[in-house]
Amino acid sequence: EAAVTQSPRNKVAVTGGKVTLSCNQTNNHNNMYWYRQDTGHGLRLIHYSYGAGSTEKGDIPDGYKASRPSQENFSLILELATPSQTSVYFCASGHRGSSYEQYFGPGTRLTVL
Amino acid sequence: GEQVEQLPSILRVQERSSASINCTYENSASNYFPWYKQEPGENPKLIIDIRSNMERKQIQGLIVLLDKKAKRFSLHITDTQPADSAMYFCAASASGGSNYKLTFGKGTLLTVTP
């Protein structure tokens with residue numbers, strides 16, 4: 001099974017501060033994704049990447065940036081955090097090919113005060 | 001893009017009965033429909049999926065049906081157990097190519113009572 005890890009697992013930030021969420025996968029998957037999960041909204045795609053050096057906007061990219069410096073690492077960056085970005089963030093990875101399956105990391109709980 | 005509607009949002013059934021969750025999608029080009037199960041405090045995990053070249057798929061007590069004409073797919077859990085209690089998400093692929101982007105429904109909270 002794909003191994004996807006996230007750090008930190010919990011984060012408290014102040015409004016206006018910069019937050020970086022990190023994701024690492026060790027199965028050499030091409031595609032990586034960042035979602036946020038909120039009650040009543042399910043999982044919503046923020047940014048995704050289909051390889052090192054690429055980032056694409058998902059369905060709710062406003063207020064977020066992403067960085068994919070290598071095949072293994074995909075970061076989500078909140079330059080100016082706001083309380084509305086308080087959420088649980090999941091990273092996922094998937095192989096480009098015949099399988100569409102996405103493997104999720106354990107999640108990061110972010111609270112912006 | 002794609003929009004996925006999932007109903008019901010809350011489902012409560014008695015042990016050993018069946019549970020059904022329904023999803024609809026908008027994009028006729030969507031061709032992959034997975035179902036994820038998420039236990040409290042855990043990450044979502046794939047439990048079953050179906051591609052557009054199939055109408056029915058079964059893995060043990062899980063059955064997925066796909067009606068492409070109606071743009072509708074559903075998950076049926078037979079002989080439910082308390083361990084089936086969790087949040088369930090359906091999803092649909094928005095596009096093919098190299099991106100494999102999924103659009104998720106808002107989830108169904110299933111509770112199986114003894």
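Letters A, B, ... mirror the listed sequences (proteins, then strands); counts begin at 1. Hydrogens, waters and symmetry mates are skipped; everything else that's a heavy atom, side chains included, is used. As the structure is a prediction and not an experimental result, all values here were calculated from the model.
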- prompt: In Å and rounded to the nearest 0.5 Å, what is the CZ to CD distance from B:Phe89 to A:Gln37?
  reply: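 Interatomic distance, B:Phe89 CZ to A:Gln37 CD, rounded to 0.5 Å: 4.5 Å.
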query: From A:Tyr103 OH over to B:Asn43 CG, what is the distance, rounded to the nearest 0.5 angstrom?
result: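 A:Tyr103 atom OH to B:Asn43 atom CG measures 12.5 Å (nearest 0.5 Å).
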Is [X] linked to [Y] within one hydrophobic cluster, defined over Ile, Leu, Val, Met, Phe, Trp and Tyr using a side-chain heavy-atom separation of less than 4.5 Å?
{"X": "B:Ile48", "Y": "B:Tyr88", "value": "yes"}
{"X": "B:Phe73", "Y": "B:Tyr32", "value": "no"}
{"X": "A:Trp34", "Y": "A:Phe104", "value": "no"}
{"X": "B:Leu75", "Y": "B:Phe104", "value": "no"}
{"X": "B:Leu7", "Y": "B:Trp35", "value": "no"}

Contact class of B:Gln6 relative to chain A, heavy atoms under 4.5 angstrom: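 Neither part; nothing is under 4.5 Å.
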query: Which region of B:Pro34, side chain (C-beta onward) or backbone (N, CA, C, O), has a non-hydrogen atom less than 4.5 Å from a non-hydrogen atom of chain A, or is it both or neither?
result: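 Neither part, no heavy atoms under 4.5 Å.
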- request: For chain B, find which of A:Gly51, A:Gly105, A:Gly58, A:Pro106 contributes the most heavy-atom pairs closer than 4.5 angstrom.
  value: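 The candidate making the most pairs under 4.5 Å is A:Gly105.
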May I ask you to check whether over 12 heavy atoms, not counting those of [X], lie within 6.0 Å of atom [atom1]?
{"X": "B:Ile59", "atom1": "CD1", "value": "yes"}
{"X": "B:Lys37", "atom1": "NZ", "value": "yes"}
{"X": "A:Arg44", "atom1": "CZ", "value": "yes"}
{"X": "B:Gln58", "atom1": "CD", "value": "yes"}

- prompt: Any side-chain heavy-atom pair from A:Tyr35 and B:Leu102 closer than 4.5 angstrom?
  reply: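 Result yes, sub-4.5 Å side-chain heavy-atom pair found.
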task: Side chain from CB out, backbone as N, CA, C, O: work out which of these in A:Asp38 comes under 4.5 Å of a heavy atom of chain B, or both, or neither.
output: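 Neither part; nothing is under 4.5 Å.
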- request: Measure distances from A:Leu45 to the heavy atoms of chain B and classify the residue's part below 4.5 Å as side chain, backbone, both or neither.
  value: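 Only the side chain of A:Leu45 comes within 4.5 Å of chain B.
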task: Write down the atom of B:Gln38, the atom of A:Phe90, and the distance for their closest heavy-atom approach.
output: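 Shortest heavy-atom separation between B:Gln38 and A:Phe90 comes out as NE2-CZ, 3.5 Å.
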task: Grab the two heavy atoms, one from A:Tyr48 and one from B:Lys101, that are nearest each other, plus how far apart they are.
output: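 It is CE2-CD, 3.6 Å.
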- prompt: Taking non-hydrogen atoms and a cut-off under 4.5 angstrom, which of residues 12-22 of chain B neighbour chain A?
  reply: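 Residues of residues 12-22 of chain B touching chain A at under 4.5 Å: none.
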